[in-house]
Amino acid sequence: MIIMAKTSPVIEDRINKSQKLKNMGISLYPAGFQTGIMVSDAVARFGQMDSEALENESKVFSMAGRIMARRDFGKASFIHIKDTTGRIQAYIRKDKISDEEFETFKLMDIGDFVGITGSFFRTRTGELTILAKDISLLSKSLRPLPEKWHGLTDVESRYRQRYLDLIVNDSVKELFVMRSRIIQAIRHFFIKKDFLEVETPMMQPIPGGATARPFKTFHNALGMELYLRVAPELYLKRLVVGGLEKVFEINRNFRNEGISVKHNPEFTMLEFYMTYATYKDLMGLTEALFNHVVTKIFGSNVIKYQGETIDFTPPWPRISLFDALRDIGGVKDDVLNNREYAAGFANECQISLSDADVHGQILMKLFDHLVEPKLIRPTFITGYPTEISPLSRRNDENPEITDRFELFIGGKEIANAFTELNDPVDQRQRFEDQSALRKAGDEEAQFMDEDYLTAMEYGMPPTAGEGIGIDRVIMLMTDSASIRDVILFPIMRSR
RNA sequence: GGGCCGUUAGCUCAGCUAGGUAGAGCAGCGGACUUUUAAUCCGUUGGUCGUGAGUUCAAUUCUCGCACGGCCCA
């Protein structure tokens, strides 16, 4: 019988112990356990009581958890067990439990799950401890956990075997708990404001809503090519046409592009749409959102990120793209006004361009290099060129730019928002311009979407919409340098 | 795609510069120990040194390719 694909002497020992336990009639994997109290509850309830008070409180509780440490003394032993709320010490004495239980306990290892029933007391050194009256095996672990002192530090193992990372590195678990709480706070903010949470297709016949290369797949029964979505935008706006005036979606987008400390092929995006609002309204809403979340999580408007202090107190600076390029990036006016000058300057900065890049795309590359890393405090950049904003409404004063902003925090792009283009004739022209770019070799250019145009032709109310990169928000709020540290299972090459 | 760095016991790491087939700590195993907490004390097991070639009498060590990972650049 094959027990495991690969063993080692340490694993052989555990298999032998498992056999001994089986021979004793002990189940290695019993079903369920009645837990009476969690570690954090025990600490909250008894943590402040002195020894005498604890002795008078002779009540018996059941706890369950994974054995994380073990110190044996012949006829007694201290162990630490860990549940999802924390760690607590247990004291196992031969004279307090049955002989069979003590024999079972001797065959238990670090990593095993145990159920303990007993009463709390305080040790000589003052640690709150449960004295076992009963102990039972709840699940046998066949593999040794990483070392107790250094934990698991190998980055590759931490990502590939995130469960081990979570078991032994408490800060990692805390980070992902915080991630969940931040997303809850965001969701709560929108629900409070009467937004409706919806789910739109992740498999789309035409990938739209963002300038990005999609993943392609195939539906066998339909005999149909499909794309994983690069954004939910065009579907959410169909819902706006349908009369859902305030909608939001928090879910995964997929972009078939490079991987970096800021990019994972699948990432979590929040998008929301608000009828009768403009991009300016969304700036205020965004300030309110971040203040709600940061205050809720940190109890303060100020956080630390990679050694920088970031203050979320509104109002945040609002700078036009051109002003930012000139004043922060040190870009000259002729670069701003002329594609050839811009291309020449980009070459000087050793930024690689493609021949198909339009002036706006070159300016964005300059911006990414010269300005973005400097935008530490939350900053709205406005006035993006129309030619790189195919879904945004033109500005009334200057049709060459759009009613759009991007939000930067901690030197990273965090959000993108605009007053939606709801003129179907203009939208058709923009799609055609994008198609031309695609034909010219720009694989990121957007696809013509007739079905979306049809929806818009029925009439889309004035609307503003925004997308926020949730993983990057989590990076900021957990002081993480890499997006892989805030995604439970980041993409990895298979081995 | 390019540059640099890494891959040695279950985990954390030495060893490689100046080639002679491996060490430590923790974990494990055996023994002592009924208030320890990185428990302590005595003894001890465990490795195709990521992978494939090359150079050499001899390669974990030098050279090259490949795989996986990290950082930076594109």
Side-chain angles (χ1 to χ4, degrees), chain A residues 4-18 20 51 54-55 66-82 86-97 99 102 105-112 118-132 135 140-165 167-169 257-264 306 346-347 349-354 357 365-366 368-369 373 411 480-485 489-495:
Chain A
M4 296 175 82
K6 186 174 173 247
T7 66
S8 73
V10 190
I11 293 172
E12 306 274 348
D13 274 330
R14 292 192 175 207
I15 292 171
N16 290 340
K17 285 179 185 174
S18 299
K20 282 184 190 164
S51 299
L54 276 173
E55 257 172 62
R66 192 192 284 272
I67 299 176
M68 297 303 291
R70 171 169 187 152
R71 294 176 289 279
D72 289 328
F73 289 86
K75 295 187 182 67
S77 185
F78 287 96
I79 63 175
H80 269 95
I81 64 168
K82 178 185 182 182
R87 288 169 199 244
I88 196 162
Q89 182 168 259
Y91 188 31
I92 318 299
R93 288 173 61 117
K94 190 173 190 307
D95 59 1
K96 297 289 183 188
I97 60 178
D99 288 348
F102 196 71
F105 173 70
K106 283 205 287 191
L107 292 167
M108 289 184 191
D109 289 297
I110 291 172
D112 291 357
S119 52
F120 292 96
F121 75 106
R122 205 167 278 290
T123 62
R124 195 176 284 166
T125 54
E127 181 164 346
L128 182 67
T129 303
I130 184 168
L131 174 62
I135 182 165
K140 186 71 192 156
S141 163
L142 297 181
R143 291 179 184 269
L145 289 177
E147 196 221 353
K148 61 184 173 185
W149 192 239
H150 300 92
L152 185 67
T153 63
D154 179 67
V155 182
E156 186 174 351
S157 305
R158 287 186 42 230
Y159 295 156
R160 286 189 196 275
Q161 295 179 281
R162 185 66 94 179
Y163 48 91
L164 288 180
D165 197 21
I167 292 167
V168 301
N169 297 327
E257 292 168 356
I259 295 166
S260 79
V261 287
K262 286 196 247 182
H263 300 86
N264 195 64
Q306 305 291 297
N347 277 330
C349 298
Q350 305 198 320
I351 296 166
S352 80
L353 299 178
S354 123
D357 281 344
K365 286 182 179 177
L366 289 171
D368 290 348
H369 254 79
S480 301
S482 169
I483 198 169
R484 290 189 274 275
D485 289 326
F489 297 101
I491 191 112
M492 288 275 155
R493 279 194 167 87
S494 48
R495 263 203 305 203

Under-3.5 Å N/O pairs linking protein and nucleotides 29-35 of chain B:
residue	atom	partner	partner atom	Å
B/C29	OP1	A/Lys17	NZ	2.3
B/C33	N3	A/Gly74	N	3.4
B/C33	N4	A/Gly74	N	3.1
B/U34	OP2	A/Phe73	O	3.2
B/U34	O2	A/Arg93	NE	2.9
B/U34	O2	A/Arg93	NH1	3.0
B/U34	O2	A/Arg93	NH2	3.0
B/U34	N3	A/Arg93	NH2	3.4
B/U34	N3	A/Asp95	OD2	3.4
B/U34	O4	A/Asp95	OD2	3.3
B/U35	O2'	A/Arg124	NE	2.8
B/U35	O2'	A/Arg124	NH1	3.0
B/U35	O2	A/Arg124	N	2.6

B/U61 and B/G6, which share atom name P, separated by this distance in whole Å
14 Å
Using a cut-off of under 3.5 Å, enumerate the N/O to N/O pairs linking the protein to nucleotides 21-23 of chain B.
none

B/U45 and B/A22, which share atom name P, separated by this distance in whole Å
15 Å
Whether A/Asn169 side chain and A/Leu152 backbone form a donor-acceptor pair below 3.5 Å
yes
Please work out if A/Arg14 contacts a base, only the sugar-phosphate, or nothing of the nucleic acid, heavy-atom cut-off 4.0 Å.
nothing
Identify the heavy atoms of A/Lys262 and A/Gly411 that sit nearest to each other, and give their distance.
NZ-O, 3.8 Å
Are any of the side-chain nitrogens in A/Arg162 or A/Asp165 under 4.0 Å away from the carboxylate oxygens of its partner?
yes
Between A/Gln89 and A/Pro9, which residue's closest nucleotide on RNA chain B lies nearer the 5′ terminus?
A/Gln89
N/O (side chain, A/Arg71) to phosphate O (OP1/OP2, B/U36) under 4.0 Å:
no
Between B/U7 and B/C16, how far apart are the two C1' atoms, rounded to whole Å?
14 Å
Reading RNA chain B from 5' onward, which residue's closest nucleotide shows up sooner: A/Lys148 or A/Gln161?
A/Gln161
Determine whether A/Arg70 and A/Asp109 satisfy the following criterion, salt bridge (Lys or Arg N to Asp or Glu O under 4.0 Å), listing intermediate values before the conclusion.
CA-CA 8 Å; A/Arg70 171 169 187 152; A/Asp109 289 297; 6.0 Å; no
Plane angle bin for A/Phe78 and A/Tyr91 - parallel if under 30°, tilted between 30 and 60°, otherwise perpendicular
parallel
Please list, for nucleotides 71-74 of chain B, all pairs of protein and nucleotide N/O atoms separated by less than 3.5 Å.
residue	atom	partner	partner atom	Å
B/C71	OP2	A/Arg484	NH2	2.7
B/A74	OP1	A/His369	NE2	3.2
B/A74	O3'	A/Ser352	OG	2.9

Looking at every strand, decide which applies to A/Arg493 at a 4.0 Å heavy-atom threshold: base, sugar-phosphate, or nothing.
sugar-phosphate
